[in-house]
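These notes concern the structure reproduced below.
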There are 2 protein chains.
Amino acid sequence: MGKQMTEMLKGVLEGIVLAFLRNRSAYGYEITAWLREQGFADIAEGTIYALLIRIEQRGLVDVEKVASEKGPPRKVYSLNAQGQEYLDEFWGTWSFLNQRLDQLHEGGN
Amino acid sequence: MGKQMTEMLKGVLEGIVLAFLRNRSAYGYEITAWLREQGFADIAEGTIYALLIRIEQRGLVDVEKVASEKGPPRKVYSLNAQGQEYLDEFWGTWSFLNQRLDQLHEGGN
DNA sequence: CTCCGCTATTCAGTGTTACTATCTACCGGT
DNA sequence: ACCGGTAGATAGTAACACTGAATAGCGGAG
């Protein structure tokens, strides 16, 4: 992946995953697959699993182990109230950045 | 500063500075002051200087030492051709991210 | 004259994050 | 019995922004 994209994803990827989980619960493998569909072609699986563990430890998501017909049991993540709150903050932060960059891109300084 | 902002700035701050330097040459202290005006209230000076050294070492900017009436000599940075190219890439990467996030924010899935 | 504040830069150490690469584990089909 | 696909975990690495402090020159207050 481009180095630029890699760096830019830091701090953003978490928001993307949380935003996805707001719409519906999902497990890691599923999230990875969805990201690939969205054009984030080569986000490593390991990255997503690590991220999910982080947001779980911060108490932003609830986890439920569900047996799978294929492979090991799935860990199904769903956004909880605290996660929702954090996500709102995320959109606020992002929209601030968005405005600054738009301004820079168009007008010049 | 908010932790979210800190993480989100990774990879983005560099683009912001390069975009600023496209409009006009500047030295570190000046850039820091401008960022504060733009609402990036508490970006540490040390952060900017480190960033400037990085982009200098990557050959994205040209540097000229200019004596100052006040304090030590200024290192004036200006965007060169390679930097311009890199900046174009940056806008591309960012606009991709922007689209994905807009979509997520509005529509849902 | 000396100290303080402002301008201006540098640097060492830290925490967070995404990446790479590898490993475990379970299932169905050849 | 083995392999491909599903599912998750983990150790080590690189990049980046932050903190905090140090250095350095100048002007003005005391």
Side-chain angles (χ1 to χ4, degrees), chain A residues 1-18 25-36 40-58 60-61 63-77 86 90 93 97, chain B residues 1-18 25-36 40-58 60-61 63-77 86 90 93 97:
Chain A
M1 187 160 29
K3 196 162 130 316
Q4 282 187 338
M5 184 60 93
T6 293
E7 288 307 319
M8 244 186 261
L9 277 176
K10 295 189 180 179
V12 178
L13 185 56
E14 190 179 282
I16 292 175
V17 170
L18 290 174
S25 303
Y27 52 96
Y29 196 82
E30 201 176 7
I31 294 170
T32 305
W34 172 77
L35 282 169
R36 296 202 201 285
F40 298 100
D42 29 29
I43 289 182
E45 284 185 24
T47 298
I48 299 302
Y49 289 116
L51 189 155
L52 288 171
I53 288 170
R54 276 202 303 275
I55 61 180
E56 180 188 352
Q57 282 174 348
R58 284 199 227 138
L60 305 179
V61 288
V63 186
E64 196 191 352
K65 276 223 163 163
V66 178
S68 163
E69 324 85 40
K70 304 185 162 194
R74 298 165 174 164
K75 286 176 72 175
V76 175
Y77 295 86
Y86 186 86
F90 170 82
T93 305
L97 220 52
Chain B
M1 185 160 31
K3 196 163 128 315
Q4 281 188 338
M5 184 59 93
T6 293
E7 290 307 320
M8 239 185 266
L9 277 177
K10 293 191 178 178
V12 179
L13 184 56
E14 190 179 281
I16 292 174
V17 170
L18 290 174
S25 303
Y27 52 96
Y29 195 82
E30 201 175 7
I31 294 170
T32 306
W34 172 77
L35 282 169
R36 295 202 200 287
F40 298 100
D42 29 29
I43 288 182
E45 285 186 21
T47 299
I48 299 303
Y49 288 113
L51 189 155
L52 288 171
I53 287 170
R54 277 203 303 274
I55 61 179
E56 179 189 353
Q57 282 173 348
R58 284 200 228 139
L60 304 179
V61 289
V63 186
E64 195 189 354
K65 276 220 164 167
V66 178
S68 164
E69 324 85 40
K70 304 184 160 194
R74 298 166 175 165
K75 285 176 74 175
V76 176
Y77 294 86
Y86 186 85
F90 170 81
T93 305
L97 220 53

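- Contact of Lys10(B) with dT16(C) (side chain to base): a donor-acceptor pair of N or O atoms is detected under 3.5 Å.
- The residues Lys75(A) and Glu56(A) are annotated as salt-bridged, a charged nitrogen and a carboxylate oxygen being separated by less than 4.0 angstrom.
- In this structure, CZ of Phe90(A) is placed 14 Å from C1' of dT17(C), rounded to the nearest angstrom.
- Applying the side-chain contact (heavy atoms from CB on, under 4.5 Å) criterion to Glu30(A), with sequence neighbours excluded, gives Arg24(A), Ala26(A), Tyr27(A).
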Could you write out each protein N or O paired with an N or O of nucleotides 7-10 of chain D at a distance under 3.5 Å?
unit_1: dA7(D); atom_1: OP1; unit_2: Tyr27(A); atom_2: OH; d: 3.4
unit_1: dA7(D); atom_1: OP1; unit_2: Arg74(A); atom_2: NE; d: 2.5
unit_1: dA7(D); atom_1: OP1; unit_2: Arg74(A); atom_2: NH2; d: 2.3
unit_1: dA7(D); atom_1: OP2; unit_2: Tyr27(A); atom_2: OH; d: 3.2
unit_1: dG8(D); atom_1: OP1; unit_2: Lys75(A); atom_2: N; d: 2.6
unit_1: dG8(D); atom_1: OP2; unit_2: Gly28(A); atom_2: N; d: 3.3
unit_1: dG8(D); atom_1: OP2; unit_2: Tyr29(A); atom_2: N; d: 3.0
unit_1: dG8(D); atom_1: OP2; unit_2: Tyr49(A); atom_2: OH; d: 3.2
unit_1: dA9(D); atom_1: OP1; unit_2: Lys75(A); atom_2: NZ; d: 3.1

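- What separates CD1 of Ile43(A) from P of dT20(C) is a distance of 11 Å, to the nearest Å.
- The interatomic distance linking Glu7(B) (CD) with dC18(D) (P) rounds to 9 Å, in whole Å.
- No engagement by Leu52(A) is indicated, since no non-hydrogen atom pair under 4.0 Å with the nucleic acid exists.
- One can place NZ of Lys3(A) at 14 Å from C1' of dT17(C), the figure rounded to the nearest angstrom.
- When all heavy atoms are compared, the tightest approach of Phe40(B) to Ile16(B) is CZ-CD1, 3.8 Å.
- In this entry the distance linking CD1 of Ile31(A) with C1' of dT6(D) reads 15 Å, nearest Å.
- Here the P atom of nucleotide dG5(D) and the CZ atom of Arg36(A) are 14 Å apart, to the nearest Å.
- Rounded to 10°, the angle separating the first-five-pair axis and the last-five-pair axis of the helix from dC1(C)-dG30(D) to dT30(C)-dA1(D) equals 20°.
- Side-chain atoms of Gln4(B) and Thr93(A) include a donor-acceptor pair closer than 3.5 Å.
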